[in-house]
Structures are given as structure tokens and as C-alpha cells.
Amino acid sequence: MSVVTRFAPSPTGFLHIGGARTALFSYLYAKGHGGKFLLRIEDTDRERSTQEAVDAIFEGMAWLGLNGDNAQPIYQTQRFDRYRQVIQQMLAAGTAYYCYCSKEELDALRAEQMANKQKPRYDGRWRPEAGKTLPTPPADVQPVVRFRSPLDGQVVLQDLIKGEIVFDNAELDDLIIARGDGTPTYNFCVVVDDMDMGITHVIRGDDHVNNTPRQINILKALGATPPAYAHVSMILGADGAKLSKRHGALGVMEYRAMGFMPEAMLNYLVRLGWSHGDQELFTREEMCAKFNFDHVSASPARFDMEKAYWVNHQYLKSADPALVATEFDWHLRRIGVDPAQGPDLPAVIVQQRERCRTLVEMAEKSKFFFAELDGYNEKDAAKHLNAESAALLAELASALEALPQWSAEALHLAVNGFAEGRGLGLGKVAQPIRVACCGMAVSPPIDQTLYLLGRERTLARLKAAVSYVQQKQ
RNA sequence: GCUCCUAUCGUCUAGAGGCCUAGGACGGAGCCCUCUCAAGGCUUAAACCCCGGUUCGAAUCCGGGUAGGAGCGCCA
């Protein structure tokens, strides 16, 4: 049987990091087994579902490159006819029944049970039993439909991550599968969808484990074979607290804004909870080939920004610069820099990637290649731009102006020769050049920097630095 | 309250009874290299939640604690 997995978010917000990892695991498991990865939008809660959220989720998935194999994702709101049909079928088969309890009645029941330190649960007052007389249906109540859950026996779940979990049916009550207005509820929709979509492996957050026995029971009542389940633990914040809107929960697109590469994000996420021996870095192909549930941790994991940065840096350093350029371009524009007004992006990337953990850093540190300097870094200027160095810069400008060829090699020889000729260490010369040309004392190797900056800009900036010093005096 | 889940360095994890004096990675500390910042190389500190049991032998199996977490909706 070929594997079919799905990612089924409810569109009530952006795609957060935990959702992204669940989606990734589902994607990898399907791809690694030659199966299909499907997308489904669980939008039965009309109150909270929004089109903006749907778009945000797709945007995040697209950025990460986690595309579903169904051309059109499935929307639960478009399947109401099907749900209604299954509910009728269950009503007819006696595996579901109408319940006329009002919400007030239910609230009172729950409150009473809590007060008695019992697990709150429906008491089955409208559940048909042999020889039992049901109350007379009140005329003013629109009945809900409840699932007729087995009273005894147990559900044994062989979870791919957590192992065997046993639930007593006696712990479960008769959950509502259709509201008073006839619309179906979550646990029911999930079951029907997973069945209709032919899902073989349900991979989801472990906040769903307690729903699983109910879903399995409904599946059985429908005569369907339950899929395999894998319940993934939560991702916690760096402080070990649960991530929430108020507490550090960020959308994946915010990680883009922070300068992460999508592939690096995936790599960090896949290692959060999953391991393959001592390997830290994986290509997407490796992830697909090696991912499995034997090595997914059952305990929650904290999101460690430092490690994420490190992974990102590894990608920046080893990825094809042409690929990085797409993201780099986005970041440059984002800080108001026109990438066309300077050297080729891949060439800049090759020079900068060793010293930048994020693309935000890279963009900031590369700004001077594309735009005119908006002043010098104060400390760096104070340290490196003075009468002494200005004299050197003036001389150097003439020397460089005379260069027949503007290449990194030629510049290397020229600058080194210049320093040696004056009995100076290279640092004595390179640092003032940096401040003059880059606005700060940090840049790639000086020969590469000047080469990429170009002849005109270099000479102009050297001269500008000289007049800056003169004016200051 | 009830049900369910989890528990190895600060963090992510390796570990499927002897290979563990517990390995790797991030981060930390130190040294080397060096035109800046990095990168890189080397060295180093740092953990099996507790108590019982099974066994010749337990980080690994079992039981009980403890501590975290999730769920108990006409939300998903």
C-alpha cells in the first residue's frame, strides 16, 4: 500500500514553527516512501477561519518548498454534503443519535462533575439503549447528533512515535459530531476526510493523542480501517515555555525576514526531534531518504536560535551562490538597496558568506557595495582616519589609479606592495582603506573588497576620506 | 479532579542490558592561524530526575515517586 500523508492546518493564523515541522515530517515521510503528501484546510470554524490565514499558510509552505501533491487543497467547508450524508448513514445504522440537551444543561452537568472531582463528560441521557425510555424531545431545541461510543473494551493505539497507548472506552463519552445547526464538528470531519482521502499515516501534534481513540472508534463504526498515527511533540520556546502568540510564536515568514534560508529552516526543524546518528546537515534528498519515525523523539524540544543560526550559516557557506542570490536580492531591496547598482550578487555572496550567519547581516554588511556611504562608523573613523593614514590613502589612491588592470590579483599585489614598501604591516594600510571604502572597519579581504567595489567607487571613496580628514582638522 | 504523554551535558540529541571512564552538534572557555570581522584547526568544562526491583551486569527492562506537559467544548 502506498503512503499518503496530509497536512491539515486550520486557517486561524500564520504557519508557525510547530506546524511547519509537522508539515515537513509528513512531507518527508511521504516522499521517502514514494507516496503522496496532501494539503487540507480545516475551516469548519467559520468564526475564526480567514482567507488571509489561508494565504499566509500557503505563502509559508511555498517559501519552504513544501508543496502538496493535490493540485487544489481540500477545504472542509466544501464537503458539507458529504459529511451530512455520512451522518445520515450513522443515524440510520444506530451508531449516532440525536441529543436534545441545551448548552445550559450541559454546562450545569459539567460544573457539577467538576465540583465532584470527576472527569467532565456527557452522561448519555439521550443515548438509546435496549429497554430504555428516552425523554420527550422538547419542541424548542435543535438537536445535536452524538456518536454512540462503545461503553467497554479498549482502543489500542500503536503510535509510531510514542509506542503503544491504551485507552479504556469507559473513559470516552458520546461526542457531538453535528451541531444544532447541522454543521459537522472537527473530530468527525477529520475522520471522514482522512478516510475519503485514503490517508495511510496521520502525522500531527501530540495535543491530538486524546482525540485519537474517539476517531478510531468512529472509523470502526464506519467500517473503515484506521490509519497509522504518529504524534509529534510540541516545540517549546527557548525558555521551555509553550509558544503562543504572546510568547515568541513566530510565523515562518518572520524567519525569512530574520535572514534564514528556507532549506536551512527545514534542516534545523528536521533535527528538532529527529536524528540520524551524529549527522547534523542534510540536503532535502537526504532528509527524504533517511527520515523515519524510529528516531523521532517523544519529548518536547526547545527552539534554540543559536543553533538555527549556525545551521543557516552552514547553508550560506555551502549552497550554490546563485540560489542564495534570490533570497539575498529580496533582503537588499527590503533595506532599500538596489541590487543592480553594484557587483554581481553571487560574487558578493561568495565573499561575505563566511562572516554572515543571516542574510540580514549579509545585506547590512554589503550595503556599501551598492549604495553611497552615509557617513563613517564613528569609532572606526576615529581610530583609523587621521592625518597619518590620510597621507597613506592619498598616495595609495594615486598608485591604484595607475593600475593597468582592476583585478583582485593586481589589487592584492598593489596593496601588499604598498605596505611593504613603507615597512608597514598590512593592517596599518588595510584598516584605513576599509573605513574609507566601506564606512566601517569590517569587510571581506581588502583585495576582494576593492575589486568588487570597482575602480571608480574605490578611488572616489579614498579621496573622499582624505578630504574628510583635512576638513576635520 | 480524571485520562493520556514526557524525563541523558545550558540546548538539540546518540544510546535498543555488557562496546559508556556516556558519543556528536550548537553555545561557553582557552590556544593556534590572521589585513579587519569571520571562517578554520586544536584543547577543555558540562548530563543519564529520584527510589526500589529484575539481572552476573541497567542510561537502557519493570514498579513507584517527583517534576513538566497535553486533553477533558455545539474550537480545531
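Here is how names work: the chains are called A, B, and so on, in the same order as the sequence lines, proteins then strands, and each is numbered from 1. Quick caveat: nothing in here was measured; it's all calculated off a predicted structure.
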Rounded distance (Å) that lies between atom P of B/U13 and atom CG of A/Asp294: 16 Å
Nucleotide of B/G24, B/U36, B/A25 approaching A/Trp310 most closely (side-chain heavy atoms): B/A25
Nucleotide nearest A/Pro120 when distance is taken to its side chain, options B/C74, B/G1, B/C4: B/G1
A/Arg146 to A/Tyr98 six-membered ring, cation-pi geometry met (6.0 Å, 45°): no
Selected nucleotide, minimal atom distance to A/Lys317 side chain, candidates B/A76, B/C35, B/A39: B/A39
Pairing partner (Watson-Crick or G-U wobble, both distances under 3.5 angstrom) of B/A67: B/U6
Nearest-Å distance for atom pair CG/C1', residues A/Asp173 and B/C2: 12 Å
Integer-rounded Å distance: B/C72 C1' and A/Phe167 CZ: 12 Å
Exercise: do A/His412 and A/Asp447 side chains pair donor with acceptor under 3.5 Å: yes
C1'-based separation of B/A58 from B/G18 [nearest Å]: 9 Å
Sugar-phosphate, base or nothing in reach of A/Glu306, heavy atoms under 4.0 Å: sugar-phosphate
Complement of B/G28, any strand, by Watson-Crick or G-U distances under 3.5 angstrom: B/U44
Selection from B/G40, B/A76, B/U36 that lies nearest to any side-chain heavy atom of A/Thr185: B/A76
Sugar-phosphate only, base, or nothing, as touched by A/Lys103 at under 4.0 Å among non-hydrogen atoms: base
Gap in Å between the two P atoms, one belonging to B/C48 and one to B/U43, rounded: 24 Å
Counter-base of B/A14, judged by Watson-Crick or G-U geometry with both distances under 3.5 Å: none
Span that lies between the C1' atom of B/U13 and that of B/U55, in whole angstrom: 29 Å
Sugar-phosphate only, base, or nothing, as touched by A/Asp43 at under 4.0 Å among non-hydrogen atoms: nothing
Spacing between A/Asp206 atom CG and B/G68 atom C1', to the nearest angstrom: 13 Å
Touch class at under 4.0 angstrom, heavy-atom based, for A/Lys242 against every strand present: sugar-phosphate
Protein-nucleotide distance (A/Arg422, atom CZ; B/C35, atom C1'), rounded to Å: 16 Å
Options B/U6, B/C26, B/A70, nucleotide nearest the side-chain atoms of A/Asp304: B/C26
Side chain to side chain contact (heavy atoms under 4.5 Å, CB included) between A/Arg204 and A/Tyr229, worked out: CA-CA 8 Å; A/Arg204 62 193 352 178; A/Tyr229 293 90; 3.6 Å; yes
Sugar-phosphate only, base, or nothing, as touched by A/His313 at under 4.0 Å among non-hydrogen atoms: sugar-phosphate
Aromatic plane relationship, A/Phe291 with A/Trp274 - under 30° parallel, 30 to 60° tilted, over 60° perpendicular: tilted
Sugar-phosphate only, base, or nothing, as touched by A/Arg434 at under 4.0 Å among non-hydrogen atoms: base
Interatomic distance where CG belongs to A/Leu453 and P belongs to B/U36 [whole Å]: 20 Å
Sugar-phosphate, base or nothing in reach of A/Ala301, heavy atoms under 4.0 Å: sugar-phosphate
Nucleotide of B/C12, B/C5, B/G15 approaching A/Ile165 most closely (side-chain heavy atoms): B/C5
Pair partner, B/G52 [Watson-Crick or wobble, under 3.5 Å]: B/C62
Under-4.0 Å side-chain N/O to phosphate OP1/OP2 contact, A/His295 with B/A16: no
Residue A/Arg355, side-chain atoms from C-beta onward, closest of B/A25, B/A38, B/C74: B/A38
Sugar-phosphate, base or nothing in reach of A/Cys101, heavy atoms under 4.0 Å: base
Residue whose closest nucleotide on RNA chain B lies nearer the 5' end, A/Ala430 versus A/Ala298: A/Ala298
base_contact_polar (B/G71 base, A/Asp207 side chain, donor-acceptor, <3.5 Å): no
Distance-only polar pair, side chains of A/Asn187 and A/Gln215, donor-acceptor under 3.5 Å: yes
B/C26 and B/G65, which share atom name P, separated by this distance in whole Å: 41 Å
A/Arg357/A/Glu306 ion pair, N-O < 4.0 Å: yes
Interatomic distance at P, B/G69 relative to B/U11, whole Å: 15 Å
d(CG, A/Asn267; C1', B/A25) in whole Å: 12 Å
Interatomic distance, A/Arg271 CZ vs B/C12 C1' [rounded to whole Å]: 6 Å
Among B/G1, B/C74, B/C4, the one nearest A/Lys119 by side-chain distance: B/G1
Test item: side-chain donor near acceptor, A/Gln279 and A/Glu286, under 3.5 Å: yes
Side-chain touch A/Thr449/A/Cys438, heavy atoms, less than 4.5 angstrom: yes
Touch class at under 4.0 angstrom, heavy-atom based, for A/Gly273 against every strand present: sugar-phosphate
Rounded distance [0.5 Å steps], NZ in A/Lys365 versus SG in A/Cys356: 5.0 Å
Residue mapping more 5' on RNA chain B - nearest nucleotide basis, A/Tyr268 or A/Pro184: A/Tyr268
Watson-Crick or G-U counterpart of B/C35, or none if no pair lies under 3.5 Å: none
Test item: side-chain donor near acceptor, A/Asp174 and A/Tyr97, under 3.5 Å: yes
Sugar-phosphate only, base, or nothing, as touched by A/Pro9 at under 4.0 Å among non-hydrogen atoms: nothing
Rounded distance in Å between the P positions of B/G27 and B/A39: 8 Å
Nearest-neighbour nucleotide for the A/Gln76 side chain, B/C35, B/U13, B/A76 considered: B/A76
Pair assignment for B/A22, Watson-Crick or G-U wobble, requiring both distances under 3.5 Å: none
Touch class at under 4.0 angstrom, heavy-atom based, for A/Ser49 against every strand present: nothing
Which nucleotide in B/U6, B/A70, B/A76 has an atom nearest any side-chain atom of A/Met234: B/A70
Distance-only donor-acceptor test, A/Gln279 side-chain atoms vs B/G24 base atoms, 3.5 Å: no
Touch class at under 4.0 angstrom, heavy-atom based, for A/Leu272 against every strand present: sugar-phosphate
Sugar-phosphate only, base, or nothing, as touched by A/Arg110 at under 4.0 Å among non-hydrogen atoms: sugar-phosphate
Touch class at under 4.0 angstrom, heavy-atom based, for A/Ser443 against every strand present: base
Whole-Å P distance, B/G24 and B/C9: 16 Å
B/C5 and B/G63, which share atom name P, separated by this distance in whole Å: 11 Å
